[in-house]
Amino acid sequence: MLDIKIIREREPDVRRALQLRRSSADLDSVIALDKERRAALAEVESLKNQRNVTSKKVGELKKAGQDIQEIQKTMREVGDRIAEYDQKVRELEEKLNQALLRIPNMPHASVHEGSDAADNLVVRTWGEPKSFSFEPRPHWELGEKHRLFDFERAVKMTGAGFPLYTGRGALLERALVQFLLDFHTREHGYTEVSPPFVVNAASMTGTGQLPKMAEDMYHIPLDGLYLIPTAEVPVTNIYRDEIIREPLPIYLTAYTPCFRREAGAAGRDTRGLIRVHQFDKVEMVKFVEPETSYEELEKLVKDAEEVLQRLGLTYRVLQLCSGDMSFSAAKCYDIELWAPAHKGWLEVSSCSNFEDFQARRAKIQYRNKDGKTAFVHTLNGSGVALARLVVAILENGQQADGSIELPEALWPYMGGLKRIE
RNA sequence: GGAGAGGUGGCAGAGCGGUUUAUUGCACCGGUCUUGAAAACCGGAGUGUCCUUACGGGCACCGGGGGUUCGAAUCCCUCCCUCUCCGCCA
């Protein structure tokens with residue numbers, strides 16, 4: 001969330017940021033509630049001061065054997081007024097907090113203005129869309145031919161959008177996870193973690209999924225838990241409510257499945273693996289000092305890109321415009337893979353700098369050079385998302401005879417298998 | 001799931017209704033001493049929030065929430081978590 005002080009002191013900047021984001025968030029309420037809250041707070045605190053001072057005196061008078069009945073009576077009334085005002089402050093605080101949690105982050109100065117995905121900029125492209133001497137077949141046909149997954153039976157056991165990988169398909173999935181984790185830990189200096197796949201509401205609020213995205217998540221009301229939509233949630237929350245002791249930056253990487261209800265996307269890309277309710281992902285998360293966070297963002301994108309280079313896949317990097325960025329991000333790049341049969345680009349990574357937006361929500365601090373506590377900057381990026389990565393590998397690797405050539409980097413992870421035929 | 005014990009500042013560990021602005025030790029920072037360091041001694045130090053141009057001051061914080069009281073770390077209720085034992089189990 002934004003610092004209420006920034007909203008107080010730089011209201012025009014915040015309004016401009018909301019406008020850039022095409023956000024209709026209610027800033028007026030925030031400002032009004034803040035004013036009311038401070039007025040009530042001043043009132044109740046002066047009453048409490050009176051109580052503290054008097055109570056101390058009561059102790060002394062009592063010890064001296066003096067009559068304190070009259071004072072007690074007065075102070076009982078003061079106590080009632082305190083209770084009244086305390087209640088009022090609590091209510092205002094709660095309302096303010098709820099309103100504040102719905103104000104999105106401010107875009108960084110380097111983010112260009114735009115309304116939606118159509119305004120995103122292609123920053124660079126690596127490789128070229130592959131040309132085929134035959135009509136490339138879509139990944140679901142290739143998968144069916146080689147029995148890499150079984151969507152029909154998955155529907156029977158769970159429902160649409162929950163893939164069942166079989167045989168070499170399952171092996172490919174596992175190989176990719178291991179390849180990605182090895183790559184980031186060995187070559188990019190990340191430390192591997194393996195977190196819980198369900199988290200509580202406080203964690204979801206800390207990273208910004210709640211309250212806004214509640215309908216997009218799988219919820220277990222009996223235990224008050226949520227299935228994670230990304231490893232970003234548990235991994236970022238590792239340091240929630242802490243002053244980090246170890247030196248920054250901290251680089252973490254994690255494999256987790258990701259669960260998404262895709263509530264607003266019913267009917268889109270329903271075929272195959274392109275939009276599913278459960279997919280695997282290897283995520284990268286960074287905790288850094290504020291001064292370095294934009295350098296770190298560039299490095300993060302490169303880390304994700306290198307994976308795709310090693311796999312020999314064609315991709316492009318987009319810089320998102322102000323209106324297309326996620327709620328918590330100050331700046332964001334997407335990476336998209338070319339899928340020949342899909343005849344389009346598939347998003348497999350999103351790399352964001354949240355600055356102190358998540359850290360403030362989740363209270364993740366460190367000690368700066370002056371020894372003062374300050375909020376860290378958090379970043380994360382997919383490194384990368386599977387399912388769509390599998391789509392690209394299958395569609396790009398297919399040969400005229402229907403076999404599929406696998407990227408060389410995967411051979412050791414596939415038990416030496418170089419080609420699916 | 002059953003029974004018991006316990007959650008206090010970076011750590012250890014007192015306090016169980018009113019000079020507690022939370023005792024003390026370790027760790028930390030500054031100073032004295034020393035060629036330098038250690039030891040010793042002296043001093044300092046938490047987090048958040050509100051008021052103030054500033055100096056400074058107020059309020060809150062002893063797992064979370066609520067209650068009793070003029071006054072709660074301390075008493076009561078409730079929830080969460082940790083540990084020990086028993087049961088069940090991959």
Side-chain angles (χ1 to χ4, degrees), chain A residues 1-11 30-101 194-206 210 220-226 234 237-248 250 287 356-376:
Chain A
M1 77 183 130
L2 292 181
D3 189 348
I4 185 69
K5 283 181 200 152
I6 288 179
I7 295 177
R8 258 180 233 153
E9 289 159 19
R10 294 171 43 201
E11 188 188 327
V30 170
I31 290 166
L33 286 165
D34 177 49
K35 216 169 251 174
E36 273 188 75
R37 184 190 77 99
R38 280 189 291 162
L41 199 61
E43 191 68 32
V44 73
E45 287 188 355
S46 109
L47 287 170
K48 281 182 179 173
N49 179 238
Q50 189 190 341
R51 180 176 69 182
N52 288 346
V53 170
T54 312
S55 291
K56 201 168 201 172
K57 211 180 291 169
V58 167
E60 289 161 17
L61 289 174
K62 206 175 173 185
K63 201 172 267 177
Q66 299 203 25
D67 182 43
I68 52 172
Q69 296 234 327
E70 197 60 32
I71 299 181
Q72 280 184 326
K73 192 170 166 234
T74 320
M75 291 321 289
R76 208 167 295 147
E77 281 161 25
V78 170
D80 289 345
R81 286 184 65 201
I82 288 173
E84 219 173 278
Y85 268 101
D86 257 344
Q87 178 63 20
K88 193 172 162 191
V89 169
R90 244 198 314 274
E91 279 167 16
L92 286 168
E93 225 152 49
E94 177 61 23
K95 276 192 206 162
L96 174 62
N97 213 6
Q98 285 306 313
L100 205 50
L101 285 174
S194 178
F197 301 158
V198 292
V199 298
N200 56 33
S203 293
M204 283 297 187
T205 307
L210 286 178
I220 308 165
L222 199 57
D223 299 294
L225 298 173
Y226 295 82
N237 275 283
I238 287 174
Y239 291 107
R240 174 156 55 86
D241 294 324
E242 286 190 32
I243 298 168
I244 298 177
R245 305 265 150 205
E246 43 261 61
L248 300 178
I250 294 170
F287 303 84
D356 63 5
F357 191 83
Q358 286 181 333
R360 178 170 290 106
R361 280 182 167 234
K363 297 192 183 67
I364 305 171
Q365 297 175 296
Y366 76 111
R367 289 203 185 274
N368 64 20
K369 289 170 196 73
D370 304 326
K372 288 280 170 199
T373 55
F375 291 110
V376 301

Between [X] and [N], is there a contact of a side-chain N or O with OP1 or OP2 at under 4.0 Å?
{"X": "A/Q50", "N": "B/G58", "result": "no"}
{"X": "A/S55", "N": "B/A72", "result": "no"}
{"X": "A/N52", "N": "B/A60", "result": "yes"}
{"X": "A/R81", "N": "B/C70", "result": "no"}
{"X": "A/R245", "N": "B/C28", "result": "no"}
{"X": "A/R51", "N": "B/C59", "result": "no"}

If the [atom1] atom of [N] is compared with that of [M], how far apart are they to the nearest Å?
{"N": "B/C41", "M": "B/C79", "atom1": "P", "answer": "50 Å"}
{"N": "B/C26", "M": "B/G9", "atom1": "C1'", "answer": "14 Å"}
{"N": "B/G18", "M": "B/G57", "atom1": "C1'", "answer": "24 Å"}
{"N": "B/G4", "M": "B/A90", "atom1": "P", "answer": "29 Å"}
{"N": "B/U32", "M": "B/U20", "atom1": "C1'", "answer": "31 Å"}
{"N": "B/G1", "M": "B/C88", "atom1": "C1'", "answer": "8 Å"}
{"N": "B/A14", "M": "B/U69", "atom1": "P", "answer": "32 Å"}
{"N": "B/C76", "M": "B/A40", "atom1": "P", "answer": "43 Å"}

Taking atom [atom2] of [N] as reference, at what distance in whole Å does atom [atom1] of [X] sit?
{"X": "A/L41", "N": "B/U52", "atom1": "CG", "atom2": "P", "result": "13 Å"}
{"X": "A/K48", "N": "B/C61", "atom1": "NZ", "atom2": "C1'", "result": "11 Å"}
{"X": "A/D80", "N": "B/C70", "atom1": "CG", "atom2": "C1'", "result": "12 Å"}
{"X": "A/Y366", "N": "B/G10", "atom1": "OH", "atom2": "P", "result": "19 Å"}
{"X": "A/K35", "N": "B/C51", "atom1": "NZ", "atom2": "C1'", "result": "16 Å"}
{"X": "A/E93", "N": "B/C59", "atom1": "CD", "atom2": "P", "result": "17 Å"}
{"X": "A/M75", "N": "B/A72", "atom1": "CE", "atom2": "C1'", "result": "16 Å"}
{"X": "A/L225", "N": "B/C80", "atom1": "CG", "atom2": "C1'", "result": "13 Å"}

Just how far is it from atom [atom1] of [X] to atom [atom2] of [Y], taken to the nearest 0.5 Å?
{"X": "A/L96", "Y": "A/E94", "atom1": "CG", "atom2": "CD", "answer": "9.5 Å"}
{"X": "A/E36", "Y": "A/L41", "atom1": "CD", "atom2": "CG", "answer": "13.0 Å"}
{"X": "A/R38", "Y": "A/R8", "atom1": "CZ", "atom2": "CZ", "answer": "4.0 Å"}

Exercise for the section: Applying side chain to side chain contact (heavy atoms under 4.5 Å, CB included), run through A/V376 and A/Y239 and close with a yes or a no. Expected result: CA-CA 10 Å; A/V376 301; A/Y239 291 107; over 6 Å; no
Exercise for the section: Between A/V53 and A/A374, name the one whose nearest nucleotide on RNA chain B is closer to the 5' end. Expected result: A/A374
Completion exercise
Result for 5'-nearest mapping on RNA chain B, choosing between A/I243 and A/R37, is A/I243
Exercise for the section: Could you tell me whether A/Q365 contacts a base, only the sugar-phosphate backbone, or nothing, with contacts defined as non-hydrogen atoms closer than 4.0 Å? Expected result: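 Contact class for A/Q365: sugar-phosphate only.
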Exercise for the section: Could you check whether A/T74 gets within reach of a base, just the sugar-phosphate, or nothing at all, counting any heavy atom under 4.0 Å? Expected result: nothing
Handout entry: CA sep, side-chain torsions, deciding dist, call: A/Q358, A/R361, side chain to side chain donor-acceptor pair (under 3.5 Å)
Key = CA-CA 5 Å; A/Q358 286 181 333; A/R361 280 182 167 234; over 6 Å; no
Could you identify the nucleotide paired to [N], looking across every strand shown and requiring Watson-Crick or G-U wobble geometry with both distances under 3.5 Å?
{"N": "B/G6", "value": "B/C81"}
{"N": "B/U47", "value": "B/A60"}
{"N": "B/A37", "value": "none"}
{"N": "B/A72", "value": "none"}
{"N": "B/C11", "value": "B/G25"}

Practice task
Carefully, step by step, assess A/T54 and A/T74 under the rule side chain to side chain contact (heavy atoms under 4.5 Å, CB included).
Solution key: CA-CA 10 Å; A/T54 312; A/T74 320; over 6 Å; no
Practice task
Before giving the answer on side chain to side chain donor-acceptor pair (under 3.5 Å), spell out for A/N49 and A/S46 the whole-Å C-alpha distance, their side-chain angles and the decisive distance to 0.1 Å.
Solution key: CA-CA 5 Å; A/N49 179 238; A/S46 109; over 6 Å; no
[X] has a side chain; which of [options] sits nearest to it?
{"X": "A/N49", "options": "B/G18, B/C59, B/G48", "value": "B/C59"}
{"X": "A/K5", "options": "B/U49, B/A60, B/G18", "value": "B/U49"}
{"X": "A/V58", "options": "B/C70, B/G58, B/U47", "value": "B/C70"}

Problem - A/D86 and A/K48: CA distance, side-chain angles, deciding distance, side chain to side chain contact (heavy atoms under 4.5 Å, CB included) verdict - result: CA-CA 10 Å; A/D86 257 344; A/K48 281 182 179 173; 3.3 Å; yes
